[in-house]
Structures are given as structure tokens and as C-alpha cells.
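I have placed the structure first, in the form of C-alpha cells, so that the comments after it can refer back to it.
Bear in mind that the values here come from a model prediction, so they are computed numbers and not experimental data. For the single chain, residues carry numbers from 1 onward in sequence order. Ligands are counted one by one from 1 in listed order, and the atoms in each one are counted from 1 as well.
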Amino acid sequence: MYVLALNGSPRKNGNTYALVSLFLKQADKHGFETKLLNSSDFQYMPCTGCKTCEKIGFCILKDSFEQEIFPFFRKADIIVLSTPVYFYTFPAQIKILIDRMQTLWSRKYRLKIKDSGEFNRKGILLSVGATKGENLFDGIKLTAKYFFDALGAEFIDSLCYRRIDHRGELENHPHVKDDIKKLGNKIFKPFKNRKTIFFVCRENAGRSQIAASFAKNIAQDKINVISAGSNPAKFINKKAVQVMAEKGLDIAFIKPCSFDHVIKNILPNIIITMGCDQVCPVVPGCKIEDWNLPDPADKTINEVRKIRDKIEIKVKNLVSSL
Ligand SMILES: Cc1cc2nc3c(=O)[nH]c(=O)nc-3n(C[C@H](O)[C@H](O)[C@H](O)COP(=O)(O)O)c2cc1C
């Protein structure tokens, strides 16, 4: 399971960094894989409000934001938005990233294709500010609510600390460590108590992605679903993206990944293999089932639709059997 954190502070090793680091340490203790993105490391262009993404589902700005950033968010089970208060809102660097999520909002609400990870994904907000104003975090909380909604994450909690200004002050806060521990127990435990299905094919670009998307959509938050490949491709298969969009499911920004990486972090209950030949993973004590399905790689769009439909039936049967 995967925790993605976004640090909105431009100050190196500041209070926000200290706060989000405490949370990521907890995630690590619970066995979650973690990733931290610092907004000040990026130089992406700000949204220009052209609204093209509402029509085509992609951004026309000529930078690599979508390819580099969206895959992290599509993979995340838990998203942590962490930020200092700047003039009662977010610093400019992180606001650029937040606004660029408009493409995901457009895909969900204008084009009506949903990321099936959204049934299981949780969002939390961590924030610090120097003053003690009653409404200090109101603006940030509202932005967080709509940010998480665009990303298909349920905004479940926030930890916001007033009167934190100079570097090092957060670490000395009397109950921040206890707060983080309690939040960690609340957010991580449900994931650990569920069964995990692991879909594996060769490139993790077609069959296993289609299966994972259906499984997440059908099982919702009852089962953890992951997928990987024995020889991961660079990009997801465009025909697979198209045929899943026809079903209302969005797999466009998912990045194929290797099963070696997954197995290091997770012990699945069942592995479904789909043509990864002799190099399929073997996990002691884990049930393995092979689904004999053709590789959509060089198939026509109609053939890929047939493969998709076969996978959907198999996934329905699998989920109802667990
Ligand atoms: C440009 C700027 C604007 C700020 N605006 C506010 C504010 O409106 N309210 C507040 O309480 N603190 C404000 N602060 C203080 C920061 O929120 C505070 O120093 C915080 O601890 C910084 O976190 P960091 O170390 O993670 O950057 C501001 C700081 C800066 C640099």
C-alpha cells in the first residue's frame, strides 16, 4: 500500500517538512511504501484556465506534469496534503500543482470517467501557521476538500497547528507525536485488515491493469487490489485506456510497475497471473490462479474489447468468491 505526500513549504527542513516526516515515519512502521514530493522542486507551468482539459481530458500546456505527477496520485492509497499557511492560503508553488489537478477534475466530472482507485483512497491534511487566529485553516481546509475530491480521495482528517513559526517549533509541540500516532492507527489499520488480490501480466500495460481497475470498482473498499508486470512497459496500452473509458473507468495515467517491487512491500492473499510465462511470481503460502487470456498488445480495438469483457466476468466471479 502506498502513501503519497505533497510538501507545500518552500522552506528547507521547515515545520511542514517536520510534520509530514513524522506521518511518513508512522506509515513506514505500518508497512506502507511512501513517497514525498516537494512542491518547490518543480517548475511546472500554472493552469491558464483554457478549459481544453474539459473537452479532451488532457492538458495542452507543454510540460511533463501529467506524465510525471499524475501516476503518483493514481497509485496512491493515501494522499497527504501538507502545507504552511501563507496569507491564509497555500504558498504559490503548491497552488500551481493543485490547480493543475483540474485535468483530473475534468475527466471525472465533465468526461464522466472515474478512477476506480477512488473507492479506497483517503486524503489527509497537515498544516502549520504562525498565528492563533480562529479561522487560520478555514481556507486551506476548503481547498483541501475540493483537491481531494478531484483526486478521488475521501478527505478523512486533518491535523493543523497554530503558533508554529520558527524552524524547529513543530518538533517541540507537546502532543504532535501522539496525534500522528493516533491518526496513523485510524487510517492505516483498515488497509491492513483487508485481503489483497495481486494481478500480474507481462507488461502491466493491458490485462492486469484492466483486471485491477474492474476489481477496485467492484470490490470498492472491501479488498486491496494491486497489479504489476514481469517486464513492465514504459506506458499503459492506449487501446486498454480507450476500452476502459468506454466502461466509464479511467486508467490513463497509471504507470506500469514491476512485480519484484510489489512483492518486496506486500504479501498478497491471491495472485492472478495472465501470461507472464515462467517468470510469474512465487510467494510461499499464497494461492495462485492462472487466467489464460491473450495479450492485447497487437490486437485490434474490437479484440481488446472482447478481452476486456472476458476479464470483467472473471473479476466479478473472483471478487464474489472471496
Ligand atoms: C509569505 C508568508 C506568509 C505567511 N502568512 C501567514 C498567515 O497568513 N498566517 C499565519 O499564521 N502564518 C503565516 N506565515 C507563517 C508561516 O505559516 C509559519 O512560519 C510556518 O511555520 C512556516 O512553515 P514552514 O517552516 O513549513 O515553511 C507566513 C509566512 C510567510 C513566509
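- Using cut-offs of 30° and 60° for the angle between ring planes, the His175 and Tyr161 rings count as tilted.
- Contacts between Ala130 and ligand 1, counted as non-hydrogen atom pairs separated by less than 4.0 Å, involve both the backbone and the side chain.
- Checked against the 6.0 Å centroid threshold, Phe188 and Phe23 count as a close aromatic pair.
- Interface of Gly129 with ligand 1, defined as ligand atoms under 4.0 Å from a residue heavy atom, comprises 11 (O), 17 (O).
- Between Asp250 and Lys108 there is no salt bridge, since no side-chain nitrogen of the basic residue lies less than 4.0 Å from a carboxylate oxygen of the acidic one.
- Protein heavy atom closest to atom 30 (C) of ligand 1, with residue, atom name and distance, is Tyr86 CE1, 3.5 Å.
- At a heavy-atom distance under 4.0 Å, no atom of Leu170 approaches ligand 1.
- Evaluated for a side chain to side chain contact (heavy atoms under 4.5 Å, CB included) with Leu6, the options Leu81, Ile79, Val80, Leu36 yield exactly one hit, Leu81.
- Residue Val85 has at least one N or O atom closer than 3.5 Å to an N or O atom of ligand 1.
- The only member of Phe72, Phe70, Phe253 that meets ring-ring contact (aromatic ring centres under 6.0 Å, His included) when paired with Phe65 is Phe70.
- Ionic pairing of Asp99 and Lys95 is present here: one or more N-O contacts between side-chain nitrogen and carboxylate oxygen are shorter than 4.0 angstrom.
- Ligand-side atoms of ligand 1 in range of Ser9: 24 (P), 26 (O), 27 (O), range being under 4.0 angstrom from any heavy atom.
- Of all protein heavy atoms, the one closest to atom 19 (O) of ligand 1 is Asp165 OD1, 2.5 Å.
- Salt-bridge check for Asp157 with Lys182: failed, with every basic side-chain N at 4.0 Å or more from each acidic carboxylate O.
- The distance from ligand 1 to the heavy atoms of Phe87 drops below 4.0 Å at these ligand atoms: 3 (C), 4 (C), 5 (N), 6 (C), 7 (C), 8 (O).
- In summary, the atoms of ligand 1 found under 4.0 Å from a heavy atom of Ile164, numbered by their order in the structure, are 18 (C), 20 (C), 21 (O).
- Asn120 is listed as a side-chain neighbour of Phe191, based on a closest heavy-atom distance under 4.5 Å.
- What sits closest to atom 23 (O) of ligand 1 on the protein, heavy atoms only, is Pro84 CB, 3.4 Å.
- Atom numbering of ligand 1 starts at 1 in the shown order; those under 4.0 Å from a heavy atom of Leu136 are 9 (N), 10 (C), 11 (O).
- Atom numbering of ligand 1 starts at 1 in the shown order; those under 4.0 Å from a heavy atom of Gly14 are 25 (O), 26 (O).
- Not one N or O on the side chain of Asn38 forms a donor-acceptor pair closer than 3.5 Å with the backbone of Ser40.
- For atom 26 (O) of ligand 1, the closest heavy atom belonging to the protein is Thr16 OG1, 2.6 Å.
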